[in-house]
Amino acid sequence: MEGRIIVVTSGKGGVGKTTATASIGAALAMEGNRVAVIDMDIGLRNLDVVLGLENRIVFNIVDVVNKKCKIRQAAIKDRRIENLFLIPASQSDNKDILSTSGIKRTAKTLKKEFDYIIMDSPAGIEKGFENSVVAADEAIVICTPDVSSIRDADRVIGLLYARSITPKIVVNRIIPKMVAKGDMLNHQDIMEILSVELIGLVPMDEQVVISTNIGLPLVMQNDSKAGQAFKRIARRLNGEIDLPIEIPISKTGIWNKISQKFGLTK
């Protein structure tokens, strides 16, 4: 059975796309799958830093596509998570160095060697995006609960449909207190606008910064709410389609509702 190529993309930068790629890839590997996460942001790689593997890079995805090395030479095995591999981006090339035919050829080989290939697409809808989606089977669009992010996500969703790729949505960096007060869009509002399948809601979590700084996959931190959310997303991708989506809720909001019900607050 061939592996699945899933591109993780967004309409704009800064929405947590690379963290999502690393977290979903790590979680899928922790479920027993053989997983490759690939940084497609040629010239501006970051996935290696998020995974703490920046000091072990020898070859990169450009070398693989251009036949300068084999996949196994470029794939860096994570020593903490069995079956998780990183193929980094090149920092010294530009996005035009990759050809569509080369990416498609490489994708066929990757699908024979891995159960999941998670591609971290650069933000935007130009050449880097084209390189990332040309061989993709599926797509995950990351957005945050703000109008500009949702508008850009809608644009990317349209481009994916035009390429016969059915997207799924992850809403990232949700702040429950702001949602409860009406200062941030809730997920129902977002899904009404985007009209695609929702596979996860991820709360804002300070552990994300800590995880990136120490190079530890977020899903390995048991006290991370975002990490737990990404684990559930990975389980849905891995076939647990009936797993309910957990909605981030403010504890303060819950207490206020209980208090009001029993007349404990005005």
Side-chain angles (χ1 to χ4, degrees), residues 6 8-28 30-31 50 118 120 123 139-154 156-157 167-214 216-238 240-261 265:
I6 304 174
V8 179
T9 185
S10 65
K12 62 177 291 186
V15 298
K17 181 172 41 56
T18 298
T19 297
T21 300
S23 300
I24 293 170
L28 284 167
M30 290 166 71
E31 290 282 320
V50 173
I118 315 295
D120 183 16
I140 297 173
V141 178
I142 310 295
C143 74
T144 52
D146 60 88
V147 174
S148 61
S149 176
I150 294 163
R151 181 184 62 188
D152 290 346
D154 190 44
V156 168
I157 288 167
K168 297 178 175 65
I169 282 284
V170 169
V171 183
N172 195 23
R173 297 180 180 168
I174 299 169
I175 304 175
K177 287 183 180 180
M178 291 184 68
V179 174
K181 291 164 61 177
D183 294 331
M184 177 176 279
L185 292 171
N186 62 42
H187 70 281
Q188 292 100 330
D189 295 330
I190 295 169
M191 298 320 298
E192 187 173 335
I193 295 167
L194 299 179
S195 299
V196 294
E197 181 184 349
L198 176 69
I199 60 162
L201 301 172
V202 182
M204 182 73 82
D205 187 347
E206 65 181 16
Q207 289 295 327
V208 173
V209 176
I210 297 171
S211 172
T212 300
N213 286 340
I214 65 176
L216 181 69
L218 194 61
V219 293
M220 294 184 71
Q221 299 190 42
N222 293 327
D223 59 343
S224 169
K225 292 180 180 179
Q228 295 303 314
F230 281 120
K231 281 184 180 180
R232 291 191 292 273
I233 290 167
R235 288 170 60 189
R236 290 187 198 96
L237 288 171
N238 205 32
E240 293 186 50
I241 56 176
D242 295 327
L243 184 68
I245 291 176
E246 188 169 308
I247 301 171
I249 298 174
S250 169
K251 291 183 179 180
T252 302
I254 294 174
W255 174 246
N256 284 343
K257 290 180 181 178
I258 293 173
S259 299
Q260 288 172 6
K261 183 176 180 180
T265 61

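The residues of the chain are indexed from 1 along the displayed sequence.
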Subject >> Nearest heavy atoms of I247 and H187, plus distance in Å >> reply: CD1-CE1, 3.5 Å
**OP:** Compare every heavy atom of P203 with every heavy atom of A226, then report the nearest pair and how far apart it is.
**Re:** CB-O, 3.9 Å
**OP:** Determine whether P145 and V171 make a side-chain contact, defined as any pair of heavy atoms from C-beta on separated by less than 4.5 Å.
**Re:** yes
Original post:
Less than 4.5 Å apart, any side-chain heavy atom of V219 and any of Q228?
Top reply: no
Original post:
Is there a side-chain contact between I190 and L185, using heavy atoms and a 4.5 Å cut-off?
Top reply: yes
Original post:
Between atom NZ of K17 and atom NZ of K12, what is the distance when rounded to the nearest 0.5 Å?
Top reply: 12.5 Å
**OP:** Look at atom CD of E192 and say whether more than 12 heavy atoms of other residues, nucleotides or ligands are closer to it than 6.0 Å.
**Re:** no
**OP:** Identify the heavy atoms of P248 and I174 that sit nearest to each other, and give their distance.
**Re:** CG-CD1, 4.2 Å
Subject >> Value rounded to 0.5 Å, distance of OG1 in T21 from CD1 in I6 >> reply: 10.5 Å
Subject >> Separation between CD1 of I210 and CD of Q221, rounded to the nearest 0.5 Å >> reply: 6.5 Å
**OP:** Hey, could you give me the CD1/CD1 distance between I169 and I140, rounded to the nearest 0.5 Å?
**Re:** 10.0 Å
Original post:
So which of T144, D146, D152 actually passes side-chain hydrogen bond (donor to acceptor under 3.5 Å, both in side chains) with S148?
Top reply: D146
Original post:
Any idea which heavy atoms bring A20 and V8 closest together, and the distance?
Top reply: CB-CG1, 4.5 Å
Original post:
Rounded to the nearest 0.5 Å, how far does CD1 of I24 lie from CD1 of I118?
Top reply: 7.0 Å
**OP:** State which residue, out of N238, V170, I245, L201, fulfils the side chain to side chain contact (heavy atoms under 4.5 Å, CB included) condition with I233.
**Re:** V170
Original post:
Under 3.5 Å, is there a donor-acceptor pair between the side chain of R236 and the main chain of L243?
Top reply: yes
Subject >> Shortest non-hydrogen contact from P176 toward I249 >> reply: CB-C, 3.5 Å
Subject >> Within 6.0 angstrom of E246 CD, more than 12 heavy atoms from elsewhere >> reply: no
Original post:
Which pairs, with at least one residue in residues 196-213 and sequence neighbours excluded, count as a side chain to side chain donor-acceptor pair (under 3.5 Å)?
Top reply: D205-S224
Original post:
Yes or no on side chain to side chain contact (heavy atoms under 4.5 Å, CB included) for I142 and V15, after CA distance, side-chain angles and deciding distance?
Top reply: CA-CA 7 Å; I142 310 295; V15 298; 4.0 Å; yes
Subject >> M30 side, atom CE; M220 side, atom CE - distance, nearest 0.5 Å >> reply: 6.0 Å
